[in-house]
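A short worksheet on the structure shown next.
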Amino acid sequence: MRTNQPQTIYLKDYRVPVFLVDHVDLRFELFEDGARVHSVLSMRRNPDSDSSDTSVELNSDTLTKLESLSLDGKELGIDAYEDSVDRLVIHDVPDHFELGVVTWLEPQNNTRLEGLYQSSGMFCTQCEAEGFRCITYFPDRPDVMARFRTRIEADKASFPILLSNGNDVEKGDLDGGRHFVTWEDPFPKPSYLFALVAGDLVEKRDSFRTLSGRDIDLRMYVEPRNSDKCDHAMDSLKRAMRWDEEVYGREYDLDIFMIVAVDDFNMGAMENKGLNIFNSSCVLASQETATDMAFQRIESIVAHEYFHNWSGNRVTCRDWFQLSLKEGFTVFRDSQFSADMGSPTVKRIEDATMLRTAQFAEDSGPMAHPVRPESYMEITNFYTLTIYEKGCEVVGMIHTLLGPDMFRKGSDLYFERHDGQAVTTDDFVRAMEDASGRDLSQFRLWYEQAGTPELTVKDEYDQAAGIYRLRIDQRIPDTPGQTNKKPQHIPFAIGLLGADGESLPLKLSATDADEPTDRVLELTEASHTFEFHGVSECPVPSLLRNFSAPVRVYYPWTREQLMFLMSHDPDGFNRWDAGQRLAVDVISGLVGEAGSEAVDSGLTEAYRGLLTDTSLDQALVAKMLQLPSEAYLIELADKPNVPDIHRAREKVLGHLATALRDDLLACYKRNSVEGRYEVTPQAVARRSLRNTALAWLLHTDDEEGRALAESQFAKADNMTDRMGALRALVNSGYEQECKQMLDAFYEQWKADPQVVEQWFAVQAGSSRTGGLSRIRELMSHPAFDWKNPNKIRSVIGVFAGQNLPAFHAEDGSGYRFLEEQVRRLDDSNPQIAARLVSPLTRWRKYAPVHGEQMKKALEAIRDKSGLSRDVYEVVHKSLAGQ
Ligand code: PHE
Ligand code: ZN
């Protein structure tokens with residue numbers, strides 16, 4: 001519980017640590033009613049610090065109870081140190097000393113899921129960012145890197161498996177049915193990468209031979225009921241290991257690599273050295289229980305955590321302002337990997353969709369912050385889409401500007417220069433500059449300035465001279481604490497299309513010998529004009545190809561031009577984007593007063609073309625058939641009225657479904673080929689097309705569609721098809737059938753938490769069935785569990801984040817509901833509570849009828865007594881500046 005107002009921490013206040021830790025010796029005694037942690041730290045004065053302070057500072061937390069403290073073997077009396085809630089200062093220490101600390105913890109009562117806690121009976125840890133201080137007193141900052149030796153003692157029958165980082169060097173039995181294992185990690189690491197697991201787990205083994213010929217033991221540890229859901233993660237891991245050797249020249253460094261699945265976990269997964277810990281939903285899969293999307297997500301998260309071994313662990317962050325150093329780069333690496341494993345265009349579409357929908361929203365709201373923030377109150381609130389996704393785009397732009405070969409030279413230099421160090425985003429950029437000889441000084445603004453750049457594009461064609469001019473103005477909107485921003489360095493990939501759909505040459509001067517049909521223009525000025533010579537006809541521009549920068553582009557394409565680009569643009573991403581722009585234009589044209597107007601038949605015909613032309617890349621078609629989401633339409637709108645946007649989108653969907661009924665049926669049948677379940681881009685596209693067709697058919701109360709859905713549900717041999725049918729029914733009006741199916745589904749899968757989470761989510765996210773009373777029913781269902789973040793996310797999070805017409809109900813009931821849940825969760829799990837607040841933070845964006853009620857909900861949360869620092873920061877920043 002907090003007593004005083006949370007402090008703001010500033011990047012400008014960074015100082016090197018006064019004392020370093022060379023070695024940490026840990027002994028964990030795990031019992032039923034608690035755990036005792038003995039720690040011995042070998043500490044010494046940091047030669048790089050100019051401080052003459054003779055006291056040493058350690059971090060601590062209310063979860064740790066101090067039992068004893070000793071210096072060089074001598075017990076310290078209470079006047080030798082000052083112990084406050086979150087910090088301990090020991091006075092008059094020598095330049096070298098050993099500090100002994102004994103703490104007592106109650107992992108069984110730790111609902112925050114930070115530090116050491118229990119999840120379905122097993123012990124596990126989560127130390128990023130500041131969880132190690134919940135275990136023992138320690139200088140808990142990433143620039144303190146130490147070697148760890150960890151001995152774990154526990155009851156042998158209940159906890160046969162005892163794991164920590166590194167290699168197991170010793171094990172044996174103890175009195176009273178207990179045993180121990182000692183682990184030693186030869187690589188110095190920051191405390192946030194420490195991990196421990198103790199439980200009754202099954203072990204799955206495999207191995208991997210590195211390029212240099214070393215054999216690595218690969219092990220997965222899961223609860224016995226999950227032992228048939230490990231293959232996909234293990235295969236993904238091996239693919240990721242090979243890929244990192246081939247593409248980045250990075251080999252694994254320890255002899256063992258372990259993955260553990262735990263059910264209660266605040267985030268997706270964690271890259272602890274040699275011992276990655278995963279949220280079960282991000283690692284366990286079988287075709288019966290996981291959808292295609294889950295399979296792909298698992299592959300990318302397994303890769304992400306593995307890639308951190310170099311980008312994060314060997315080279316780590318100097319301080320938490322540098323978080324994107326490891327996260328942006330590692331997301332970039334995992335997205336390259338996923339692109340290589342599947343369809344690059346589809347992967348790019350998925351990433352851009354997420355960025356434009358959610359990161360752009362964050363970047364224009366009260367929590368907007370630069371990729372390298374300047375201040376924070378609670379670092380956990382900064383594991384954001386900006387740090388991860390925009391951070392990935394920033395690295396991706398360096399890759400685009402340098403080209404793949406120079407980029408590789410840059411990453412080689414970065415790893416070589418900084419191996420074993422804790423560094424900054426600036427060090428990363430400098431390595432890229434030094435390796436390539438390019439000047440990235442203006443580019444660094446991407447790390448410093450928040451907000452999504454807006455590019456306004458104007459063009460003119462001079463037929464007589466054969467010159468086409470593109471003028472691009474960039475503007476970066478104000479964000480909290482930042483105004484009057486400087487122009488950024490933006491790679492802007494473009495092409496020009498002639499009337500027959502052919503690509504026109506892009507000559508930047510009359511004498512330009514180079515005439516590619518694809519070019520990356522570099523924008524550096526507030527306004528930039530490019531002249532293209534020898535252009536024989538007035539072209540249609542294809543702008544920001546492959547989403548070459550995380551920016552908004554405004555250009556007045558006509559609907560005809562968009563339809564033209566949809567079928568002719570050689571850039572797959574922009575073909576998709578043209579379709580999105582067209583659909584956005586049509587749907588937003590039907591919002592509000594125009595609600596009764598007819599749906600543009602051009603859109604219908606464009607979709608008919610997609611549905612019937614089987615020569616097109618079906619993976620791309622599957623994406624093109626997805627209408628822009630409500631969340632995206634809301635993001636694009638000014639003072640959106642959510643129920644109205646919902647109605648307009650539904651109307652377009654209903655119109656398309658009626659007009660295209662026969663084509664949808666044909667598409668459904670054509671894509672129903674049976675065969676062995678595989679997660680290839682083609683097979684995924686086939687299932688996606690089939691399930692989209694089914695969902696659309698059910699939109700029109702189509703009897704044949706309903707029968708198809710029922711039979712697909714009954715016969716499906718995989719979760720993608722079973723869930724596709726269930727979702728289509730839940731989102732249609734067939735209440736009776738729907739209820740029966742939901743019940744049958746639950747009965748069949750109630751023992752599997754990952755499936756139950758999907759069962760919750762499909763109901764909570766449905767605007768048809770997920771009204772508030774249904775949400776409350778779900779929360780009183782026996783499978784709902786307040787201590788389990790996944791359950792909270794799949795009901796409350798999905799309701800507020802996806803069931804938008806219900807959440808934004810005019811009477812404000814959705815907002816009050818969220819307020820109530822956040823207040824309740826704040827005491828038990830503040831991290832999750834703070835994340836749940838997010839939909840309310842954007843209250844200023846909405847029309848006053850909504851905005852005022854959202855604001856009231858925020859104020860009610862603000863006024864809760866003993867509010868956590870996590871929720872405090874989000875709520876206060878959202879209400880600030882009124
Ligand atoms: N570092 C983890 C990742 O990106 C995310 C994480 C952060 C997990 C904080 C737990 C706590 O993979
Ligand atoms: Zn990460």
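One-based numbering, in listed order, for ligands and for the atoms of each. Numbering of residues begins at 1 and proceeds along the displayed sequence.
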**Message:** Applying side-chain hydrogen bond (donor to acceptor under 3.5 Å, both in side chains) to Thr111 and Asn829, what does each step give before you reach the verdict?
**Reply:** CA-CA 6 Å; Thr111 55; Asn829 190 332; over 6 Å; no
**Prompt:** Ala269 near ligand 1, heavy-atom distance under 4.0 Å?
**Reply:**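 Yes; Ala269 lies near enough to ligand 1 that a heavy-atom distance drops under 4.0 Å.
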Under 4.0 Å to a heavy atom of [X] - the qualifying atoms of ligand 1, by number:
{"X": "Lys326", "answer": "1 (N)"}
{"X": "Gln126", "answer": "10 (C), 11 (C)"}
{"X": "Tyr388", "answer": "1 (N), 2 (C), 3 (C), 4 (O), 5 (C)"}

**Request:** Indicate yes or no for a side-chain donor-acceptor contact from Arg250 to the backbone of Tyr248 under 3.5 Å, with no hydrogens or angles considered.
**Result:** yes
**Request:** Check whether any side-chain N or O of His308 sits under 3.5 Å from a backbone N or O of Ser311 as a donor-acceptor pair, and report yes or no.
**Result:**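 Yes.
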**Message:** Is there a side-chain contact between Asp206 and Lys238 in this structure, where contact means two heavy atoms from C-beta onward sitting under 4.5 Å apart?
**Reply:** yes
**Request:** Of the side chain and backbone of Met267, name the one, both, or neither that has a heavy atom under 4.0 Å from an atom of ligand 1.
**Result:** side chain
**Prompt:** Looking at the Zn ion (ligand 2), is one of the N, O or S atoms of Glu305 less than 2.8 Å from it?
**Reply:**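 No, since none of the N, O or S atoms of Glu305 sits under 2.8 Å from the Zn ion (ligand 2).
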**Prompt:** Of all heavy-atom pairs between Met122 and Gly199, which one has the smallest distance, and what is that distance?
**Reply:** CB-CA, 4.0 Å
**Asked** N/O of His304 under 3.5 Å from N/O of ligand 1, yes or no?
**Response**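 So ligand 1 has an N or O lying under 3.5 Å from an N or O of His304.
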